[in-house]
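Below, read A as the first sequence line, B as the second, and so on, with proteins coming before strands; counting in each chain starts at 1.
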Amino acid sequence: MKNSFDDIYEVVRLIPHGRVSSYGAIAGYLGGKGGARMVGWAMNASHNDDTIPAHRVVNRNGVLTGKAFFGGNRMQELLENEGIIVKNDKIQNFKELFWSPTKELL
DNA sequence: CCCCTGACGGGCG
DNA sequence: TCGCCCGCCAGGG
């Protein structure tokens, strides 16, 4: 446990197929190692790592805030490819698709 | 060392 | 429900 970005990467990797999570949820699960911003920042750094499904991580509104970093609508396509409905850069049925590491991960 | 910015979140009017 | 402001942590100029 590097107690750093690796923690975030590990949690993101644990996100089930067809499910999504939020920056704040991951940050809260790690326990305020920083803020939700740090999670997104780590995601940026993880861009080199193609093993990190960063497209499954969105903000609390279920909006694909980081879709620009994927290039065009790449993030949306990846999500739709997993059966997730995205409308206007926003995940539909987000509440049900939401995967909380604190509650569902033990 | 100081100031600004950022894939965010919560509070308030 | 929408919009504005403040707080958190780290990096860059």
Side-chain angles (χ1 to χ4, degrees):
Chain A
M1 178 111 38
K2 281 75 178 189
N3 209 42
S4 190
F5 300 123
D6 297 280
D7 288 1
I8 300 174
Y9 298 155
E10 197 171 334
V11 176
V12 174
R13 269 190 259 239
L14 290 173
I15 299 177
H17 180 81
R19 290 290 206 98
V20 289
S21 187
S22 69
Y23 305 95
I26 297 171
Y29 172 73
L30 295 176
K33 283 195 169 35
R37 291 186 146 151
M38 301 302 96
V39 177
W41 186 43
M43 290 293 98
N44 188 0
S46 76
H47 220 276
N48 284 315
D49 221 311
D50 50 350
T51 63
I52 313 279
H55 60 275
R56 293 185 189 151
V57 185
V58 294
N59 70 345
R60 70 175 181 110
N61 292 314
V63 179
L64 284 58
T65 49
K67 77 161 210 162
F69 285 70
F70 281 78
N73 56 341
R74 179 84 174 288
M75 188 174 183
Q76 179 172 331
E77 285 184 33
L78 288 169
L79 288 170
E80 288 182 329
N81 190 31
E82 297 189 0
I84 299 175
I85 308 301
V86 180
K87 192 86 171 183
N88 194 13
D89 297 341
K90 189 172 187 278
I91 296 178
Q92 302 302 295
N93 210 15
F94 175 65
K95 190 177 181 182
E96 293 185 21
L97 293 173
F98 181 71
W99 182 80
S100 187
T102 313
K103 294 180 179 179
E104 306 197 43
L105 183 67
L106 188 55

Could you list by number each residue of residues 95-104 of chain A showing a heavy-atom separation from DNA chain B of less than 4.0 Å, or answer none if no residue does? none
Which value, in whole Å, describes the distance between the P atoms of nucleotides C:dC2 and B:dA7? 23 Å
Mind checking what makes salt bridge (Lys or Arg N to Asp or Glu O under 4.0 Å) contact with A:Glu77, not counting sequence neighbours? none
Distances under 3.5 Å between nitrogen or oxygen atoms of protein and nucleotides 6-13 of chain B:
| from | atom 1 | to | atom 2 | distance (Å) |
| --- | --- | --- | --- | --- |
| B:dA7 | N7 | A:Gly40 | O | 3.2 |
| B:dA7 | N7 | A:Asn44 | N | 3.3 |
| B:dA7 | N6 | A:Met43 | O | 3.1 |
| B:dA7 | N3 | A:Tyr23 | OH | 2.9 |
| B:dC8 | N4 | A:Arg37 | NH2 | 2.2 |
| B:dG9 | OP1 | A:Gly24 | N | 3.1 |
| B:dG9 | OP1 | A:Arg60 | N | 3.3 |
| B:dG9 | OP2 | A:Arg60 | N | 2.7 |

Sub-3.5 Å donor-acceptor pair from the side chain of A:Tyr23 to the main-chain atoms of A:Trp41, do we have one? no
List, by chain and then residue number, the residues other than A:Ile85 in its hydrophobic cluster (Ile/Leu/Val/Met/Phe/Trp/Tyr, side-chain heavy atoms under 4.5 Å); write none if there are no others. none
Can you name the residues that form a side-chain hydrogen bond (donor to acceptor under 3.5 Å, both in side chains) with A:Asn44, not counting sequence neighbours? none
Residues that A:Arg37 engages under side-chain hydrogen bond (donor to acceptor under 3.5 Å, both in side chains), provided they are two or more places apart: none
Under the ring pair (Phe, Tyr, Trp, His ring centres under 6.0 Å) rule, collect the residues that match up with A:Trp99, sequence neighbours excluded. none
Expected list for residues 90-98 of chain A: side-chain donor-acceptor pairs under 3.5 angstrom, two or more places apart:
| from | atom 1 | to | atom 2 | distance (Å) |
| --- | --- | --- | --- | --- |
| A:Gln92 | NE2 | A:Lys90 | O | 3.2 |
| A:Asn93 | ND2 | A:Glu96 | OE1 | 3.4 |

Just to be sure I follow the notation: if a pair is Watson-Crick (purine N1 to pyrimidine N3 plus N6-O4 or O6-N4) or a G-U wobble (N1-O2 and O6-N3), each under 3.5 Å, what dot-bracket string does DNA chain C give, with | for pairs to another strand? .||||||.|||||
Which residues satisfy the side-chain hydrogen bond (donor to acceptor under 3.5 Å, both in side chains) test with A:Arg60, sequence neighbours excluded? none
For residues 53-87 of chain A, pull every pair meeting ring-ring contact (aromatic ring centres under 6.0 Å, His included), keeping only residues two or more places apart or in separate chains. A:His47-A:Phe70
What residues form a salt bridge (Lys or Arg N to Asp or Glu O under 4.0 Å) with A:Asp49, not counting sequence neighbours? none
